[in-house]
Structures are given as C-alpha cells and as structure tokens.
A.B. asks: 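Sharing a structure with you now.
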Amino acid sequence: MTDEVWTVRKVLGWTAGHFEKSTVDSPRLTAEILLTHVLNTSRVKLYTDLDRPLQKTELAAYRALITKRLEGQPTAYLTGYREFYGRRFAVDARVLVPRPETELLVEAALKVLPKDAPSRALDLCTGSGCVALSLALERPKASVWAVDVSPGACAVAKANAEALGAGGRVTVLEGDLFAPVPEGARFDLVTANAPYVKTGELAGLQKEVRQEPTLALDGGPDGLDVIRRIADGALARLKPGGLLALEIGDDQGEAMVTLLTRAGYRDVRVDVDLARLPRLAFGTAPGAP
Ligand code: GLN
C-alpha cells in the first residue's frame, strides 16, 4: 500500500486479494473483520461507509494486522474475540480459538439440560469457557463447573464469565481434570473439548493452529490420552443416566465406541459434523434412570 488515498472499499479489495494469494482462509471475511477491528465499527457499517478514506494512523494499524495475519496469527488473536454460539468470547494466545464444530457439542449437550429445572454440568478442558458459558447462558437454571489445568485459560474463562453475565452460576476451577472438583459433586452432564490431536500430527497442522496452545491440542500418541482419563473419571462423577459428551477427531469414531463401551458406558454413539465426519462421542453412565 502506498500513500495514495485508500478508501474502505479499496483497502478491502486489495487486502482480500492479497490474503487470497497467500491462502489465508476466508480472505474477504478476514479482511473485513480486521478492518472492523481497526476502525472500531461493525461489518454492516463498513458497507455503508465504503467510500470513507482511511487516515494514515488507521492504515498503519491495519497494515500491521495484515502482516501478523500473514505470519500465521489467528484472526481471533488479533481482534481479541471470537463469536461462538451467538456470543462474543474474549480470546488470546492462552486459549484455543473456539471452533464452529464445537457449537455442535453445545447443541447436543443442551438436549439433556432441562430449561425449567435445576441441573449440574461439568465442562473439562474449558479453555475460553465457550462450552461451559454457552450451557449456563442457554440454561439459566443450570449450575456449571468449568475446569482447566492452565492458569491462563482459567483467567480467560473467568473474564468471559463476568463479561457475559454468568459469573454467578459458573465456577471456574484450576486443576487436572476431576482433581479440583469437590468430592461429592455429581453431574447430569460432563462435556469436554479435550486435546485430541496425535502428537505426531502437531507439526503438520496449519500454521494458525500451531500458534494455539499445544496443551490444548496434544492428545498423546493416539490423540486419546486425555479423553481416556476423562471417560474413566466421569463414570464416578456422573449421576446414573448422566451423559458424557466429547468432541473428537474425525478419525477417532471407532476407537471412541470401543473405549466408551469398555469403560462401561451404555448407549454409546458417535455423531458426525456438517462435513459428515465423526465429531462427537457420547456415552450414558450406567444405573437408573
Ligand atoms: N479441532 C481442533 C483443530 O483444529 C483440535 C481441537 C482439540 O484438540 N480439541 O485441530
């Protein structure tokens, strides 16, 4: 970009084209989101203001973001937020960026939390808190516990809980899976988007994903190290008939059916995502009801 006059229209067109050549995902959308951030406006407003010229300082700020995006910084880390299940979650490099696939986990989990009666849910590996907080906000009578082993993630989850007005009903606990959960607590639902990428596949991930915390991605040699511990531990924490709902990798469907069945769950099943790939695994804790 030179010193000529750059309008919103022109700058978006140039950036989208540049992102496209550099194989940035969703080039136009990314250009718009970053410009919205710099101009502190909305995407709709960008379109009503296409002929607005950018000031020098705005252009410089936008240029800096473009450079970072091209270097592989995820868009959400640059803007500091990501939309998830209709709400805005603050995110930074301490947490995984919420993915649209994970909204399917929320949708499935909501089916077992009643609208008009109290219930208790536990979300492990909560990260930004996107799953735990979506559950709490969609089900105002539910009490939700959110656990993460990363102090940074817990700080982000707590800030999101406050910002979204769920602070009172979501308890964020720092620790290893079930360790910080009070002894006698029993849940109707345990959810987790645990790390499930195979260690050997981490290096081959997109450069954007490699900017995210390895702790949130690395699931050990077969990707199931953390998930196995969750499946074993949740049996003692779920009420009889309670549901374990997990996000999984698209090649882990069969392994999950075996794992959950052997662990002692009933009604074990795997759900596919919009690309028809395995994405969720479910098991019901034995016993009545
Ligand atoms: N879906 C993530 C990815 O993009 C993995 C998240 C996880 O390990 N829980 O690779």
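Remember, it's 1-based here, ligands and their atoms both numbered in the order they're listed.
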A.B. asks: Taking only Lys NZ, Arg NE, NH1 and NH2, and the carboxylate oxygens of Asp or Glu, determine whether Lys198 and Asp218 approach each other closer than 4.0 Å.
C.D. replies: no
A.B. asks: Does this structure show an ion pair linking Arg52 with Glu58, if we count only N-O contacts that are shorter than 4.0 Å?
C.D. replies: yes
A.B. asks: With distance as the sole criterion, is a donor-acceptor pair present between the side chains of Arg69 and Thr75 under 3.5 Å?
C.D. replies: yes
A.B. asks: Nearest to atom 4 (O) of ligand 1, what protein heavy atom do you find, and at what distance?
C.D. replies: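 Minimum-distance protein heavy atom for atom 4 (O) of ligand 1 reads Arg99 NH2, 3.0 Å.
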A.B. asks: What about Ala194: any of its N or O atoms under 3.5 Å from an N or O on ligand 1?
C.D. replies: yes
A.B. asks: At under 4.0 Å between heavy atoms, is it the side chain or the backbone of Cys125 that contacts ligand 1, or both, or neither?
C.D. replies: neither
A.B. asks: Under 4.0 Å between a side-chain nitrogen and a carboxylate oxygen: does that hold for Glu20 and Arg28?
C.D. replies: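 No, no charged N to carboxylate O under 4.0 Å.
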A.B. asks: Gly219 near ligand 1, heavy-atom distance under 4.0 Å?
C.D. replies: no
A.B. asks: Under 4.0 Å from a heavy atom of Ala216: which atoms of ligand 1 are those, numbered in the order shown and with their elements?
C.D. replies: 7 (C), 8 (O), 9 (N)
A.B. asks: State whether Asp116 and Arg139 are salt-bridged, where the test is any N-O pair (Lys NZ or Arg NE/NH1/NH2 against Asp/Glu carboxylate O) under 4.0 Å.
C.D. replies: no
A.B. asks: Got an N/O contact under 3.5 Å between Asn193 and ligand 1?
C.D. replies: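 Min N/O separation from ligand 1 is below 3.5 Å for Asn193.
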A.B. asks: Just to confirm my output: which protein heavy-atom neighbour is closest to atom 1 (N) of ligand 1, and how far is it?
C.D. replies: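 Going by distance alone, atom 1 (N) of ligand 1 is nearest to Tyr196 OH, 3.0 Å.
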A.B. asks: Measure across Val147 and Leu177 and return the closest heavy-atom pair with its distance rounded to 0.1 Å.
C.D. replies: CG1-O, 3.2 Å
